[in-house]
Enquirer: 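Here you go, one structure.
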Amino acid sequence: MVCLGNICRSPIAEGVMQEKINQHHLDWTVDSAGTESFHVGEAPHRFSQKVCANHGIDISHQRARRFIKADFKNYDKIYAMAKDVYYEIENIGSFNGDMSKVVLFLNELKPDSNESVPDPYYGGEAGFEPVYELIDQTCDAIVQRYAVPDTIDS
Ligand code: 4NP
């Protein structure tokens, strides 16, 4: 799960997906990263932590890191939270990254829509709940699409 700062959107996506992995006992590994280095080492934005906590998910242990070339090798799917993030991932790969692994996150919910998850960083707290809902629905769509059917409990 990749966004720009790795403090607002992708930490929520990591936390929500980890929760679904646990619920459905999936053997998946999820992580998150940012294409920019501004917030490396920081905990998620306080409103990202709060909106997740409101839904019973603790993301306070997460620390921002930068997306690196090795991530192309280490993961089967790389979800870009937004179009600008997709292009930044392409830059970091500098023609050697496997862009076939990189998918716009919201295309899993709305195929071919090429929409971006709104960045709540520049707004107030009210922007975080709609972002959470969108991420939650999209993570459900990913589980439905890629989990072996009889491993899904509900
Ligand atoms: P994120 O949001 O990419 O969802 O973590 C942002 C966080 C910080 C900045 C931009 C976006 N920033 O410019 O510092």
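Counting starts at 1 for both ligands and their atoms, in listed order.
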Enquirer: Atoms of ligand 1 less than 4.0 Å from Cys8 heavy atoms?
Expert: 1 (P), 2 (O), 4 (O), 5 (O)
Enquirer: Between Phe38 and Tyr121, does the ring centroid distance fall short of 6.0 Å?
Expert: no
Enquirer: Going by the atom numbers of ligand 1, which of them fall below 4.0 Å from some non-hydrogen atom of Leu4?
Expert: 3 (O)
Enquirer: Can you tell me which residue and heavy atom of the protein come closest to atom 12 (N) of ligand 1, and the distance to 0.1 Å?
Expert: Tyr121 CE2, 3.5 Å
Enquirer: Would the distance check show the side chain of Gln62 and the main-chain N or O of Pro11 forming a donor-acceptor pair, the cut-off being under 3.5 Å?
Expert: yes
Enquirer: For ligand 1, which atoms sit closer than 4.0 Å to a heavy atom of Cys3?
Expert: 1 (P), 3 (O), 4 (O), 5 (O)
Enquirer: Could you report the tightest heavy-atom contact between Gly41 and Arg63, atom names first, then the distance?
Expert: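 Here Gly41 and Arg63 meet closest at O-CD, 3.2 Å.
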Enquirer: Any donor and acceptor pair, going by atom type alone, linking the side chain of Lys77 with main-chain N or O of Val103 inside 3.5 Å?
Expert: no
Enquirer: Would you say Gly5 and ligand 1 have an N/O pair spaced under 3.5 Å apart?
Expert: yes
Enquirer: How far apart are the closest heavy atoms of Val102 and Ala80, and which atoms are they?
Expert: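 Closest heavy-atom pair between Val102 and Ala80: CG1-CB, 4.5 Å.
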Enquirer: Do you know the tightest heavy-atom contact between Asn6 and Ser32?
Expert: ND2-OG, 3.0 Å
Enquirer: Give a yes or no answer on whether the side chain of Asn114 reaches the backbone of Leu104 with a donor-acceptor pair at less than 3.5 Å.
Expert: no
Enquirer: Considering only the protein, which heavy-atom contact is closest to atom 14 (O) of ligand 1, and what is its distance?
Expert: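 Of every protein heavy atom, His39 NE2, 2.8 Å lies nearest to atom 14 (O) of ligand 1.
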Enquirer: Atom 13 (O) of ligand 1: which protein heavy atom is closest, and how many Å away?
Expert: Tyr122 OH, 3.4 Å
Enquirer: Starting from atom 11 (C) of ligand 1, what is the nearest protein heavy atom, named by residue and atom, and what distance separates them?
Expert: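 Sorting protein heavy atoms by distance from atom 11 (C) of ligand 1 puts Asp119 OD2, 3.0 Å first.
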Enquirer: Does the N or O separation between Phe38 and ligand 1 drop below 3.5 Å for any pair?
Expert: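 No - when backbone and side-chain N and O of Phe38 are compared with those of ligand 1, no distance drops under 3.5 Å.
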Enquirer: What residue and heavy atom of the protein are closest to atom 4 (O) of ligand 1, and at what distance?
Expert: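 Protein heavy atom at minimum distance: Arg9 NE, 2.7 Å.
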Enquirer: Using distance alone, decide if ligand 1 has a nitrogen or oxygen within less than 3.5 Å of any nitrogen or oxygen in Ser10.
Expert: no
Enquirer: Under 4.0 Å, heavy atoms only, figure out whether ligand 1 is touched by the backbone of Asn6, its side chain, both or neither.
Expert: backbone
Enquirer: Does Ile68 offer a backbone N or O that forms a donor-acceptor pair with the side chain of Asp71 under 3.5 Å?
Expert: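 Checked: pair present.
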